Amino acid sequence: MDMQAILQQAQQMQQQLMAAQQELDDAQVEGTAGGGLVKTTLNGRGQLQDVTIDPKAIDPDDAGETAQTIADLVLAAVRDAERAVDELQQEKMGPLAEGMGEGGMPGLPGF
């Protein structure tokens with residue numbers, strides 16, 4: 001077992017992980033609902049950044065129903081964006097997990 005090679009591999013993986021995490025922090029993922037009446041933006045880590053509600057979603061004659069409809073649309077748009085975040089995270093982080101393999105880091109039992 002070449003300990004130097006293992007340490008270099010661990011450092012390289014750490015750098016790749018940090019780069020992938022930064023990409024997720026910088027990413028903007030959008031979710032929509034109601035044919036675009038509500039849009040939400042999350043970063044690549046799933047943190048809500050913005051909510052946009054089209055004025056067409058508001059019915060001034062039925063405030064109670066409109067409020068519930070908007071709440072439902074916001075929830076649906078957030079869930080849509082979360083699905084996209086999951087896909088982005090898998091795209092960015094998945095190869096790093098695969099690089100470690102099922103047994104973790106090669107040459108180190110239990111890692």
Side-chain angles (χ1 to χ4, degrees):
M1 178 176 356
D2 182 359
M3 198 58 136
Q4 185 65 26
I6 292 171
L7 290 175
Q8 285 178 340
Q9 183 179 9
Q11 274 185 323
Q12 191 174 36
M13 289 185 75
Q14 183 180 18
Q15 289 171 345
Q16 291 171 342
L17 177 62
M18 289 173 56
Q21 288 172 336
Q22 185 62 48
E23 287 181 45
L24 290 175
D25 286 342
D26 294 341
Q28 296 288 306
V29 177
E30 188 175 278
T32 62
L37 291 175
V38 174
K39 296 178 184 177
T40 58
T41 304
L42 279 63
N43 69 13
R45 295 214 186 203
Q47 298 166 327
L48 185 63
Q49 304 292 305
D50 188 40
V51 176
T52 304
I53 300 171
D54 188 315
K56 294 180 212 164
I58 300 169
D59 180 0
D61 297 329
D62 193 356
E65 183 66 28
T66 296
Q68 185 58 52
T69 298
I70 290 173
D72 292 343
L73 289 173
V74 168
L75 184 60
V78 168
R79 288 181 177 157
D80 184 47
E82 287 175 336
R83 178 198 47 74
V85 165
D86 287 344
E87 290 175 9
L88 179 64
Q89 288 176 346
Q90 182 60 35
E91 175 188 321
K92 298 294 180 192
M93 303 299 276
L96 294 173
E98 291 170 10
M100 291 182 70
E102 282 187 38
M105 291 187 64
L108 293 179
F111 288 96

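Computed from a predicted model, the values in this text were never measured in an experiment. Values reported hereafter were calculated over all heavy atoms of this structure, with side chains retained and with hydrogens, waters and symmetry mates removed.
Of all heavy-atom pairs between D54 and K56, the closest is OD1-N, 2.8 Å. Nearest approach of L42 to A81, heavy atoms of both residues: CD1-CB, 3.5 Å. Closest non-hydrogen pair, Q89 versus G46, comes out as NE2-N, 4.5 Å. Contact record, T40 with A77: OG1-O, 3.0 Å, taken as the closest heavy-atom pair. A pairwise comparison of heavy atoms in P60 and I58 identifies CD-O, 3.4 Å as the closest pair. Considering all non-hydrogen atoms of both residues, E30 and D80 come closest at O-OD2, 4.3 Å.
Although no hydrogens or angles enter the test, the distance criterion places a donor-acceptor pair under 3.5 Å between the side chain of T66 and the main chain of D59. When atom types are taken as modelled, the side chain of T41 and the backbone of Q28 share no donor-acceptor pair closer than 3.5 angstrom.
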### Task
Would you please test Q21 and M93 for side chain to side chain contact (heavy atoms under 4.5 Å, CB included) and show each step?
CA-CA 8 Å; Q21 288 172 336; M93 303 299 276; 4.2 Å; yes
#### Entry: E82/V29 under side chain to side chain contact (heavy atoms under 4.5 Å, CB included): CA gap, chis, key distance, verdict
CA-CA 8 Å; E82 287 175 336; V29 177; over 6 Å; no
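Hydrophobic clustering places L73 together with L48 (ILVMFWY residues linked when any side-chain heavy atoms are closer than 4.5 Å, directly or through intermediates).
Atom CD of E87 has more than 12 heavy atoms from other residues, nucleotides or ligands within 6.0 Å. Remark: R45 CZ is packed, more than 12 non-hydrogen atoms of other residues, nucleotides or ligands lying under 6.0 Å away.
Summarising the geometry, atom CG belonging to D25 is positioned 6.5 Å from atom CG belonging to N43; distances are rounded to the nearest 0.5 Å. One finds the CG atom of L7 at 11.5 Å from the CD atom of Q14 (value rounded to the nearest 0.5 Å). Here Q9 contributes atom CD and D2 contributes atom CG; the two are 11.0 Å apart, rounded to the nearest 0.5 Å.
Listed by chain and number, the residues in a side-chain contact (heavy atoms from CB on, under 4.5 Å) with Q11 amount to none (sequence neighbours excluded). Taking D62 as the reference, nothing meets the side chain to side chain donor-acceptor pair (under 3.5 Å) condition, with sequence neighbours excluded.
Between R83 and D86 there is no salt bridge, since no side-chain N of the basic residue sits under 4.0 Å from a carboxylate O of the acidic one.
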